[in-house]
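Take a look at the structure set out below.
Side chains are part of it too, since the values below use all heavy atoms of this structure and drop only hydrogens, waters and symmetry mates. All chains are named by letter (A, B, ...) in the order of the sequence lines, taking the proteins before the strands, and each is independently numbered beginning at 1.
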Amino acid sequence: MAGDDKYSKIMELARRRGFFWPSYEIYGGVAGFYDLGPYGVLLKRRIIEKWRRFFIHEHSEYVVEIETPIVGPSRVYEASGHVESFTDPIVACTKCGRRYRADHLIEEKLGVNVEGLSPQEMTRIIRENNITCPACGGPLGEVKLFNLLFKTQIGPYEGSIGYLRPELAQGMFVAFKRVYEAMRSRIPIGIAQIGRVGRNEISPRQAMMRLREFTIMEMEYFIDPEDREGSCPFLHRMEGVKMRIHRHGAEEAEWYTLEEAISEGVIIHPCLGYWMAVAQRFVESLGVPRENMFFEEKGPEERAHYSSQTFDQMVKVSRWGWVEVSGHSYRGDFDLSRHMKYSGQDLTVFKPYPKPVKVKVRKVIVDRAYVGRNYKSRAPEILREAQSLDPDTVERMLEEKGYIEVSGAKIPREHVKIIEVEEKVSGRRFIPHVVEPSFGTDRNVYVAFEYAYREKGDRVILAFPRDIAPIQATVLPLVEKDEELKRKARTIYQELINHGYTTIYDDTGSIGRRYARSDEIGVPAAITIDYQTLEDDTVTLRDRDTWKQARIPTSNLAQALHDFIYKNKPLEEIEKQYNPQKQS
RNA sequence: GCGGCGGUCGUCUAGCCUGGACUAGGACGCCGGCCUGCCAAGCCGGAGGUCCCGGGUUCAAAUCCCGGCCGCCGCACCA
């Protein structure tokens, strides 16, 4: 089992100290599910808060957050394409166990398209044509449907099928119009959501990296496809940021500045690039050096059905090499179009021009009386079609043939007119395009955990970036048995709690042992109450990473801690600022 | 889903091949006591185990056999 490799040590620590472990342990466990323990929950919460800050709060003029249900009616996932393209007919070889897409196999062997056939029919075709395993020649089993969507039933009616969402996106698309209007109908608008999703993976593995149920942090950023520059008003914030991008088909990943990547067409849209740059900053701030990440462009066959360009943000981890921590897709208008079609609702937006524009429009005018007399009940259809024809085409037809032909009806030249009218247009309607950055939260929790892992001699330290550490400060009376020190320590502990710090009080064991315990769960600050505290009301603030200590008056402690944790100030600077007497 | 390897106190592990003095041993951690003026010190005591689950073989199973579950690795899968 666990050897002495890094991964084993990490998992052992995660379990022992209460960060995370496989779920349902006492029942033998179920693959693909993980529990988060007390410190795991805190770590995840801080990572989520950080994501909120980076993606939502810092763009709050444009980005909002919503929350939508986990269970959705089947129509939603029919519209999104998941019911169709998440379901594969699969057939297994009974001899070697290899699995194949049944439809692909039949098409390959017989050259016939069997799309839409039932599994029973496909099984019959395989039997009748003696199709065997392409690898070992063994007999194939029954064709079965496999869908990665978790299926359930809404209410007591069996026909009412519900699915667990496999991504958050559909929630934002379905609610798009409402949110857009509530936010005063402005484009661009980002709609973010953080929540749980379920995917019934065939064989989840790799601990928390591939789960059947997990938390996603995702944004759908809706833009005007005709306004490239205006879509990303904050682009300049990431000016000059370098990203390593592995283009599809390229030998190696290369460094590009954001501007280069956009102007050279490596990234097809500025917004896509901008959010990738933010993503890079975000993952860096979880403790991953820039050198240990890159963006990988997915090829057409690896992309999801809705995407015209996708990049995966990859991070290097000890056990599995490069793993995906976020995905960045240009989804175009695929989703909104589909939902328009399936729901029958208008999900377009209207964007006014600065001034209404007068445009000359050519229109096809058909003599209604003529058509009505000659075609009676077919007239409405014919009229509708005739008037939707392009005026230029009509003009050409009239010139060449002397009549136009629609739905089999011939309308002679004298009953068709092309007129030019002036129309006032105050804006345009369009279906917004969507840029989507999407993060697997649990993967990022694991990554932050792994990157925090340090060994110092035979001691283990979780060197989390200070602002994501689950516990922010430990309060320690120097000696276990001194009642006065303990009383003072309790008071200080309570004060830090009152200031909102997640704090631990610990008075059992030697001071060294307690520092070690504190380091092992990654607490950045240890506050020690010693005999000098009783004299001059100062305490020591110990830095988890350097083991250095500064002396701070208790009256300044909360503020000093704030600078230490959230502004990441070095200890020396903190001491200078909050204990001026000390510098001599 | 296939193949390989594995599963023993909270954690790491000894024992398994060669069945029985195993009432399953140790270390770390945890709890209590003594000690302790700054980096896992020491001493004493304590709690803690469905030996993954089910079945079989046997007088006797942690140990052998079969099935399942879970984990890791390879293959397949991963909109």
- [ ] Tell whether A:R17 reaches the base of B:G29 with its side chain through a donor-acceptor pair below 3.5 angstrom.
- [x] no
TODO: Give the rounded distance in Å between these two atoms: CG of A:D506 and P of B:C30.
DONE: 9 Å
Task: Between B:C30 (P) and A:D507 (CG): distance, integer Å - done: 13 Å
- [ ] Please determine, for the side chain of A:E520, which listed nucleotide (B:A40, B:U36, B:C39) has the closest atom?
- [x] B:A40
Task: Under 4.0 angstrom between A:S510 side-chain N/O and B:A41 OP1 or OP2 - done: yes
Open item on the list: I want to check something: taking the side chain as every heavy atom from C-beta on, are A:L462 and A:L13 in contact at a cut-off of under 4.5 Å?
Closed with: yes
Open item on the list: With heavy-atom distances below 4.5 Å as the criterion, would you say the side chains of A:P432 and A:F176 are in contact?
Closed with: yes
Task: Watson-Crick or G-U counterpart of B:C30, or none if no pair lies under 3.5 Å - done: B:G46
Open item on the list: How many whole angstroms separate atom CD of A:E480 from atom C1' of B:C30?
Closed with: 14 Å
Task: Watson-Crick/G-U partner (both atom distances under 3.5 Å) of B:A14 - done: none
Open item on the list: Classify A:R542 by what it touches in the nucleic acid, base, sugar-phosphate, or nothing, heavy-atom distance under 4.0 Å.
Closed with: base
Open item on the list: Between B:C39 and A:W547, is there a base-stacking contact, meaning the centre of the base's six-membered ring lies under 5.5 Å from the residue's ring centre while the planes stay under 30° apart?
Closed with: yes
- [ ] Could you measure between the two P atoms, the one in B:A47 and the one in B:C52, and give it in whole Å?
- [x] 24 Å
Open item on the list: Need the glycosidic conformation of B:A21: syn if within 90° of 0, anti if not. Which one?
Closed with: syn
- [ ] Assign each of A:L148 and A:Y34 to its nearest nucleotide of RNA chain B by heavy atoms, then name whichever residue's nucleotide is nearer the 5' end.
- [x] A:Y34
TODO: Please measure how far the P atom in B:C72 lies from the corresponding atom in B:C12, and state the result in whole Å.
DONE: 14 Å
Open item on the list: Looking only at the side chain of A:T528 (C-beta and beyond, no hydrogens), which of the listed nucleotides B:C38, B:G37, B:A40 gets closest?
Closed with: B:C38
Task: Backbone of A:A463 reached by a side-chain donor or acceptor of A:R466 within 3.5 Å - done: no
TODO: Determine the sole option in A:R513, A:R459, A:R544 for which the salt bridge (Lys or Arg N to Asp or Glu O under 4.0 Å) test with A:D519 is passed.
DONE: A:R459
Task: Test side chain to side chain contact (heavy atoms under 4.5 Å, CB included) applied to A:R517 and A:T474, A:T508, A:V523, A:I504, the passing residue - done: A:T508
- [ ] Ignoring the backbone of A:T508, work out which of B:C34, B:C31, B:C30 is nearest its side chain.
- [x] B:C31
- [ ] In whole angstrom, give the distance that lies between atom CG of A:D482 and atom P of B:G37.
- [x] 10 Å
TODO: State which of B:C12, B:C39, B:A40 makes the closest approach to the side chain of A:A516.
DONE: B:A40
Open item on the list: Using side-chain heavy atoms (C-beta onward) and a distance below 4.5 Å, is A:S326 in contact with A:R443?
Closed with: no
TODO: Round to a whole Å and report the spacing from CG of A:N200 to P of B:C78.
DONE: 14 Å
Open item on the list: Looking at A:R319, I'd like to know whether one of its side-chain N or O atoms comes within less than 4.0 Å of OP1 or OP2 on B:C73.
Closed with: yes
TODO: Give none if B:C39 has no partner; otherwise give the nucleotide forming a Watson-Crick or G-U wobble pair with it, both distances under 3.5 Å.
DONE: none
TODO: Rounded to whole angstrom, note down the P distance from B:G33 over to B:C70.
DONE: 44 Å
TODO: Decide yes or no for A:V447 and A:L286: does some side-chain heavy atom of the first lie under 4.5 Å from some side-chain heavy atom of the second?
DONE: no
Open item on the list: Quick check for you: among B:G37, B:C39, B:C77, whose closest atom lies nearest to any side-chain atom of A:Q549?
Closed with: B:C39
Open item on the list: Measuring only the C1' atom in each nucleotide, how far is B:G15 from B:G49? A whole number of Å is fine.
Closed with: 14 Å
Open item on the list: Return the pairing partner of B:C64 with a 3.5 Å limit on both distances, Watson-Crick or G-U wobble; otherwise return none.
Closed with: B:G56
Open item on the list: Tell me if the side-chain of A:D519 makes a donor-acceptor pair with the base of B:C39, cut-off 3.5 Å, by modelled atom types.
Closed with: no
Open item on the list: Taking the P atom in each of B:C22 and B:G29, what is the distance between them to the nearest angstrom?
Closed with: 28 Å
Task: Residue matched to B:C51 through Watson-Crick or wobble contacts both under 3.5 angstrom - done: none
Task: Spacing between A:R210 atom CZ and B:G71 atom P, to the nearest angstrom - done: 12 Å
Open item on the list: Counting C-beta onward and ignoring hydrogens, is there a side-chain heavy-atom pair between A:L557 and A:E495 closer than 4.5 Å?
Closed with: no
Task: Pair of N/O donor and acceptor under 3.5 Å linking B:C72 base with A:Q206 side chain - done: no
Task: A:R514 vs B:C38: side-chain N/O to OP1/OP2 distance below 4.0 Å - done: no
Task: Selection from B:C35, B:C73, B:C38 that lies nearest to any side-chain heavy atom of A:D530 - done: B:C38
- [ ] Rounded off to whole Å, could you give me the CZ-to-C1' distance for the A:F214 and B:C78 pair?
- [x] 10 Å
Open item on the list: Is it the case that the ring center of A:W547 lies less than 6.0 angstrom away from the ring center of A:Y515?
Closed with: no
Open item on the list: Applying the Watson-Crick and G-U wobble criteria at under 3.5 Å, what pairs with B:A21? Answer none if nothing qualifies.
Closed with: none
Task: Phosphate OP1/OP2 of B:C30: any A:R16 side-chain N/O under 4.0 Å - done: no
Open item on the list: Taking the nucleotide of RNA chain B with the nearest heavy atom to each, does A:P22 or A:R303 sit closer to the 5' end?
Closed with: A:P22
Task: Set of ring-ring contact (aromatic ring centres under 6.0 Å, His included) partners for A:Y163, sequence neighbours left out - done: none
TODO: Would you confirm whether A:T538, through its side chain, and A:D536, through its main-chain N or O, come within 3.5 Å as a donor-acceptor pair?
DONE: no
- [ ] May I ask which nucleotide in the shown strands pairs with B:G74, Watson-Crick or G-U wobble, both distances under 3.5 Å?
- [x] B:C2
Open item on the list: Could you tell me how far B:U8 sits from B:G46 if I compare only their C1' atoms? Round to whole Å.
Closed with: 22 Å
- [ ] Quote, to the nearest angstrom, the P distance that separates B:U50 from B:U11.
- [x] 11 Å
- [ ] Please measure how far the C1' atom in B:G48 lies from the corresponding atom in B:G25, and state the result in whole Å.
- [x] 15 Å
Task: Per A:R205 side chain, nearest of listed nucleotides B:C38, B:C73, B:C31 - done: B:C73
Please list, for nucleotides 49-55 of chain B, all pairs of protein and nucleotide N/O atoms separated by less than 3.5 Å.
from, atom 1, to, atom 2, distance (Å)
B:U50, O4, A:I26, O, 3.4

Open item on the list: Any base atoms under 4.0 Å from A:L478, or only sugar-phosphate, or nothing? Heavy atoms, all strands.
Closed with: base
TODO: For A:P204, report the nucleic acid contact type (base, sugar-phosphate, nothing); a contact means any heavy atom under 4.0 Å.
DONE: nothing
Task: salt bridge (Lys or Arg N to Asp or Glu O under 4.0 Å) contacts touching residues 213-222 of chain A (sequence neighbours left out) - done: A:R196-A:E213
Task: Candidates B:C39, B:C75, B:U36 - which lies nearest the side chain of A:R459 - done: B:C39
Task: Touch class at under 4.0 angstrom, heavy-atom based, for A:W21 against every strand present - done: nothing
